[in-house]
Amino acid sequence: MKSSWWKILGVALLLYAFIFGLLMPLKPGIYAVTPDNAITGTTSLIRVEGYNTNFTKEAESIKVWLKLNDTFALMANKIQVIDDMALNASFDIPVQLPIKKRIKNFTLVMDHKVDGASVSPSAVTLTQKADKVDNISPQWTTNPIAGLTIVNKFNFPFRNILYETIRNLYFHVSLWLAMMILFIASVVMSFKHLRSGKPEDDWKSLSLTAAGTLMGFLGLFTGMIWAQYTWGSFWPKNEVKLNMTAVALLIYLAYFVLRGSLENQEQRGRISAVYNIFAFAALIPLLYVVPRLTSSLHPGSGGNSTFGSEDLDNTMRAVFYPAVIGWTLLGVWMGSIMYRAIALKDKILSR
Amino acid sequence: MNLISEITFLLRKELTIELRQKYAIGGILLYVFSTIFIIYMSFNRIDKQTWNALFWIVVLFASVNAVAKSFVQESGNRQLYYYMLVNPSAIILSKIIYNVILLLLLSLLSFFAFSVVAENPVRNMGQFLSALFLGSMGLSIAITFVSAIAAKANNSSTLMAILSFPLVIPILLLLIKISSNAMGLMSDTAIRKDILSLLAIDCLLIAMAFVLFPFLWKD
């Protein structure tokens with residue numbers, strides 16, 4: 001029992017990741033804004049649909065703005081709450097837009113005492129039909145966006161398009177990281193085997209590779225399901241990271257074929273260790289260099305923002321890092337069971 | 001004997017064997033020319049994108065055919081004899097150098113043949129030739145090393161394909177990108193970075209091959 005504390009830790013961390021990762025609600029946010037366009041010089045009614053919002057509580061504290069930039073923002077003059085998830089905001093839009101263009105996207109900003117501030121970028125397009133008038137209406141500047149409420153609750157961030165699928169971070173990304181850690185450990189074991197020549201090190205390397213490959217496949221499948229919901233296809237075309245993943249898994253499947261085709265145990269251990277190290281060296285450009293050179297839908301490549309800087313906030317980190325450790329420990333556990341099975345089989349066969 | 005003189009000696013040996021067994025190199029040349037001829041017959045006009053893809057496919061298969069034999073062709077007894085005489089590092093380095101030269105000549109030849117039958121779409125010759133050079137280098141290093149691994153196993157020809165194709169895909173992707181830039185299919189201002197990362201992959205592969213080969217040969 002004393003030596004298996006890490007197995008209990010791994011299972012506990014995974015249980016924590018599953019329970020909190022799947023049950024913790026998202027922060028309130030704006031789900032839809034209709035209509036998404038309006039003409040200047042009119043009074044237009046814009047319907048805002050919220051997600052996880054409580055509009056009926058303290059309804060008088062709700063404020064809605066159409067924001068152009070830090071200087072110019074137009075506040076809704078009347079707000080009519082329909083229910084917890086929907087409200088109508090009416091805007092008196094001035095004739096003249098505060099910029100030279102005639103068509104411009106505006107961001108919708110909402111503030112609420114209960115739910116906090118939420119933003120829907122490029123929500124409404126305003127079109128200026130009338131000819132240019134020289135003065136900019138003071139309405140654009142009289143009610144600046146100020147005094148936004150910040151609510152500190154332990155909730156996951158609300159992101160447009162992602163919505164609830166943001167929880168896949170704890171499965172897809174952490175499975176990938178666990179796979180990388182297991183592969184690195186297996187390469188270390190291969191080095192050890194080349195130096196010592198002990199069959200035990202080879203078996204450890206094999207078991208870790210098998211567990212890592214399983215994690216890789218699970219990471220691929222969770223990513224594919226997620227991609228179906230957010231990118232609209234299980235296997236988006238020309239998505240470089242997916243193709244590289246397929247190639248990386250081919251490399252590791254080839255490792256098992258190579259092992260199968262070598263009969264002498266000593267030779268099998270040595271040659272598959274050499275191939276494992278060589279394949280890992282070829283995997284680094286595959287997974288880290290090539291995707292950065294071309295554009296990709298994934299974060300962290302081709303001008304997309306990386307996860308660390310913007311998208312991953314502290315509440316998500318509190319589940320993500322334990323999930324990585326949990327998956328890794330589970331992989332090591334599976335690998336150790338496989339190692340023991342190989343060692344026992346060898347003991348029986350060599351008796 | 002020090003390493004350099006061993007390498008030159010082994011290179012001379014490779015060349016002598018190649019010239020004695022002319023059917024091997026002849027077979028590869030025939031393979032390249034017949035493939036290009038089939039391409040020429042089956043396409044009326046080859047657009048640039050197809051040219052790019054077909055060219056690198058021909059080079060890839062030519063390199064697998066040409067390089068695969070480097071370890072497979074020599075019998076275990078003869079290899080044992082070499083290992084008694086020289087340093088294993090000299091063996092892998094000489095094989096790699098020989099295969100780089102062979103593959104460079106082959107790819108230049110197929111480039112020439114392609115230009116004859118299906119015009120030459122390359123605008124930036126320097127870029128294309130550097131891709132050709134670094135690409136043949138990377139392909140021959142990876143495939144030489146894989147052939148050293150596959151030679152130890154029973155079904156070496158199947159293993160050659162499944163072990164080497166996934167390993168050379170990053171190199172091929174970079175090559176296709178650089179050459180399509182050289183043809184003016186796309187314009188990337190940071191293409192120098194791609195060439196540098198190709199060079200970095202080559203260096204990584206050659207370093208791994210150099211370090212790992214001594215473990216591979218002793219039986």
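Below, read A as the first sequence line, B as the second, and so on, with proteins coming before strands; counting in each chain starts at 1.
- B/Gln49 CD: 12 or fewer foreign heavy atoms inside a 6.0 Å radius.
- Residue B/Leu204 touches chain A through its side chain alone, counting heavy-atom pairs closer than 4.5 Å.
- By the neighbour-count criterion of 12 heavy atoms within 6.0 Å, atom CG of A/Leu344 is densely surrounded, having more than that number from other residues, nucleotides or ligands.
- Under the ring-ring contact (aromatic ring centres under 6.0 Å, His included) criterion, B/Phe165 pairs with B/Phe61, not counting sequence neighbours.
- Nearest heavy atoms, B/Leu167 versus A/Ala279: CD2-CA, 4.1 Å.
- The interface of residues 254-265 of chain A with chain B, defined by heavy-atom distances below 4.5 Å, comprises A/Ala254, A/Val257, A/Leu258, A/Ser261, A/Leu262, A/Glu263.
- Heavy-atom neighbours of A/Lys192 NZ from other residues, nucleotides or ligands within 6.0 Å: at or below the threshold of 12.
- Using a 4.5 Å cut-off between heavy atoms, B/Leu212 contacts chain A through both its backbone and its side chain.
- Contacts from residues 123-130 of chain B to chain A, taken as heavy-atom pairs separated by less than 4.5 Å, involve no residues at all.
- We find the CG-CE distance between B/Leu173 and A/Met244 to be 4.5 Å, quoted to the nearest 0.5 Å.
- Shown here for B/Phe215 and A/Arg270, the closest heavy-atom pair between the two residues is O-NH1, 2.8 Å.
- Considering CD1 of B/Ile169 and CG of A/Leu250, their distance stands at 7.0 Å, rounded to 0.5 Å.
- Here the shortest heavy-atom pairing between B/Pro170 and A/Ala282 reads CG-O, 4.4 Å.
- Contacts between residues 96-109 of chain B and chain A, counted as heavy-atom pairs separated by less than 4.5 Å, involve no residue at all.
- Rounded to the nearest 0.5 angstrom, A/Phe278 CZ and B/Phe213 CZ are separated by 12.0 Å.
- For NZ of B/Lys13, the number of neighbouring non-hydrogen atoms (other residues, nucleotides, ligands) closer than 6.0 Å is greater than 12.
- In B/Glu18, the CD atom is crowded: over 12 heavy atoms of neighbouring residues, nucleotides or ligands sit closer than 6.0 Å.
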